[in-house]
Engineer: 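Below are the structure tokens for one structure; questions will follow.
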Amino acid sequence: MKFWDHQHNARSETRRLLLGFAFAVVVLVAAVHAALALAWWLMVAVLPVHLPFPQGFLAANVGVSLMLVLGGWWVETSNLRAGGVKLAQRVGARELRPSLSHAEQRLSNIVDELCIAAHMDRPQIMVMPRTDAINAFAAGWDESDAVIAVTQGALDYLTREEMQGMVAHELSHLHEGDTRLKMRLAGMVFGLELVYNFGDTMRERRGLAWWFGSAIMVAGFAGWLTGRMLKAAVSRQREYLADARAVQWTRSRDGLGGVLRKVMAQRRDTPAGYAENPVHTGLAHPAVQHMLLVDVPGRSRMERWLDTHPTLDDRVQRVYGRRMQPLPAVPVPAGHESARRDEGGAAGTVSIASLVDPFARFM
């Protein structure tokens, strides 16, 4: 995998998409004004009396549209900034307990090693104990409330190398500011949706309000749909970037690649209807779906069209450079590991941090 090229391409594509997002907001404001102006002229054409064009019509339309978009963005972003730990707790995650489980101690050691390699502060680590599906997510507005949550299925079915690939992917999201970027985009999409909702509310009053509300709804729906599409496209590029960063940090295709291939096998072998039940997966909460390592299966065709994740086949092909078959997801016993954050590794062992950072062994 040419991870440097993939990272450069993902960053360049993200910048273009963000410019497109800003352009979409401008087009939405112009479309709302154009729709209202058209509605006004059509209304004047059917009325027997002549009505002059209102003064300040443009300023009022632009001002109200921007107020809805930016106000909705501010409100939704403020709600999403509640903290990564609180968000993880909302979906059933608990704090890591390394002293009670070899698998959780192994996870703690892996996070420590990769944080040293990436020169990052250690995020809070949490586990979703009732989730069998292999998955994980990173959340948090900044380093002070950053969290990585891993499912019990990941602890049970992933080898140490594969766990390193998965953790490296999630740490990349924190390192690149993807969690904050996705929260901001979610807030902007909510603001675009408010324009549509405002038009829908106006339609309930009948008369002229119904006429102008319909015009706002048409423009608002087009803006909301465009925002959703751009948000999904940005998210897919950030997933590609995190995949490439994970391969760079771990120096292994089989780490993250093995995780994705085991997810493919797990979904292939899962009974129909099992994955759609949030009681079984624990990952159906809308606040975390766009943050997951892999998306939740079994959604509608419209949701798949606006998918925030690339397909598993596409991601595996990018990691390996060719198509690969699924790997059986079988329980992997976690061997005993001592705490390494303060004690360091055993004599003669080479940590993943020292492979990426030659000075890591002195830290």
Side-chain angles (χ1 to χ4, degrees), residues 1-14 103 106-107 109-120 133-138 148 150-151 153-176 178 235-269 292-295 308-332 334-335 349-358 360:
M1 179 185 191
K2 299 179 180 179
F3 50 79
W4 291 116
D5 292 339
H6 284 302
Q7 290 180 44
H8 174 73
N9 293 338
R11 290 193 181 98
S12 299
E13 187 64 22
T14 298
R106 180 186 65 180
L107 174 61
N109 293 342
I110 289 172
V111 174
D112 290 338
E113 294 169 5
L114 284 166
C115 285
I116 293 173
H119 304 284
M120 293 176 57
I134 299 173
N135 221 321
F137 68 87
I148 291 179
V150 175
T151 64
L155 294 175
D156 292 340
Y157 299 121
L158 299 184
T159 65
R160 197 179 201 281
E161 181 182 19
E162 291 163 349
M163 184 66 75
Q164 287 172 342
M166 185 176 71
V167 171
H169 176 98
E170 299 305 327
L171 286 177
S172 173
H173 283 309
L174 296 174
H175 185 272
E176 296 287 339
D178 293 343
S235 181
R236 289 193 293 268
Q237 293 302 318
R238 305 316 283 184
E239 293 301 323
Y240 286 138
L241 176 59
D243 287 350
R245 177 76 77 172
V247 174
Q248 175 196 348
W249 280 347
T250 60
R251 293 296 194 269
S252 171
R253 297 180 304 177
D254 293 326
L256 180 63
V259 177
L260 299 176
R261 293 169 66 191
K262 284 187 176 180
V263 173
M264 293 169 64
Q266 195 176 49
R267 293 186 176 181
R268 179 195 61 192
D269 301 334
L292 297 173
L293 172 72
V294 291
D295 58 343
T308 57
H309 289 68
T311 63
L312 286 171
D313 288 335
D314 187 26
R315 293 172 69 179
V316 169
Q317 188 168 356
R318 279 177 174 251
V319 170
Y320 287 98
R322 63 185 186 278
R323 297 178 65 88
M324 299 291 289
Q325 295 299 316
L327 281 178
V330 296
V332 177
T349 62
V350 179
S351 70
I352 190 171
S354 63
L355 293 176
V356 180
D357 183 356

Engineer: Sequence neighbours left out, what passes side-chain contact (heavy atoms from CB on, under 4.5 Å) with Leu327? Give chain and number order.
Structural biologist: Glu162, Arg261, Lys262
Engineer: Taking the side chain as everything from C-beta on, heavy atoms only, tell me whether Gln164 gets closer than 4.5 Å to Glu113.
Structural biologist: yes
Engineer: For the CG atom of Leu155 and the CE atom of Met163, what is their distance to the nearest 0.5 Å?
Structural biologist: 4.5 Å
Engineer: Of all the heavy-atom pairs spanning Ala242 and Ser172, show the shortest one and how long it is.
Structural biologist: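 Looking at all heavy atoms of both residues, the closest pair is CA-OG, 3.4 Å.
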Engineer: Minimum heavy-atom separation for Trp249 and Ala118, please, with both atom names.
Structural biologist: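 Minimum heavy-atom contact is CZ2-CB, 3.6 Å.
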Engineer: Under the criterion side chain to side chain contact (heavy atoms under 4.5 Å, CB included), I'd like the reasoning laid out for Ile148 against Leu107: C-alpha separation, chi angles, the key distance, then a yes or no.
Structural biologist: CA-CA 11 Å; Ile148 291 179; Leu107 174 61; over 6 Å; no
Engineer: Which atom names give the shortest non-hydrogen contact between Gly165 and Ala246, and what distance separates them?
Structural biologist: O-CB, 3.7 Å
Engineer: Find out whether Arg160 and Asn109 are in side-chain contact, i.e. whether some heavy atom of one side chain is under 4.5 Å from a heavy atom of the other.
Structural biologist: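 Heavy-atom side-chain distance check passes, below 4.5 Å.
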Engineer: Can you confirm whether Arg268 is buried at CZ, in the sense that more than 12 heavy atoms of other residues, nucleotides or ligands lie under 6.0 Å from that atom?
Structural biologist: yes
Engineer: Is there a donor-acceptor pair under 3.5 Å between the side chain of Arg253 and the backbone N or O of Tyr320?
Structural biologist: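 Pair found, side chain donor or acceptor close to backbone of Tyr320.
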Engineer: Give, for atom CG of Leu312 and atom CE of Met324, the distance between the pair rounded to the nearest 0.5 Å.
Structural biologist: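 CE of Met324 is found 14.0 Å from CG of Leu312.
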Engineer: Could you go through the side chain to side chain contact (heavy atoms under 4.5 Å, CB included) check for Leu256 and Leu293 one step at a time?
Structural biologist: CA-CA 10 Å; Leu256 180 63; Leu293 172 72; 4.3 Å; yes
Engineer: Testing the basics here: between Ala138 and Glu170, what is the closest heavy-atom pair and its distance to 0.1 Å?
Structural biologist: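 Closest approach of Ala138 to Glu170, heavy atoms only: N-OE1, 3.1 Å.
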Engineer: Going by heavy atoms in the side chains, are Val259 and His169 under 4.5 Å from each other?
Structural biologist: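 No - every pair of side-chain heavy atoms lies 4.5 Å or more apart.
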Engineer: Looking only at atom types and distance, does a side-chain atom of His309 sit under 3.5 Å from a main-chain N or O of Leu292, one as donor and one as acceptor?
Structural biologist: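 Yes; at least one donor-acceptor contact below 3.5 Å.
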Engineer: Could you work out, with salt bridge (charged side-chain N to carboxylate O under 4.0 Å, His left out) as the rule, every residue matching Arg315, not counting sequence neighbours?
Structural biologist: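 Testing Arg315 for salt bridge (charged side-chain N to carboxylate O under 4.0 Å, His left out), a comparison that skips the adjacent residues, returns Glu239, Asp243.
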Engineer: Check side chain to side chain donor-acceptor pair (under 3.5 Å) between Gln266 and all other residues, then give those that pass, not counting sequence neighbours.
Structural biologist: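 Gln266 satisfies side chain to side chain donor-acceptor pair (under 3.5 Å) with no other residue.
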Engineer: Which distance, rounded to the nearest 0.5 Å, do you find between the CZ of Arg238 and the CG of Asp178?
Structural biologist: 4.0 Å
Engineer: Knowing that exactly one of Val294, Asp313, Ile134 qualifies, which makes a side chain to side chain contact (heavy atoms under 4.5 Å, CB included) with Leu260?
Structural biologist: Val294
Engineer: Going by heavy atoms in the side chains, are Leu158 and Thr151 under 4.5 Å from each other?
Structural biologist: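 No. Closest side-chain heavy atoms not under 4.5 Å.
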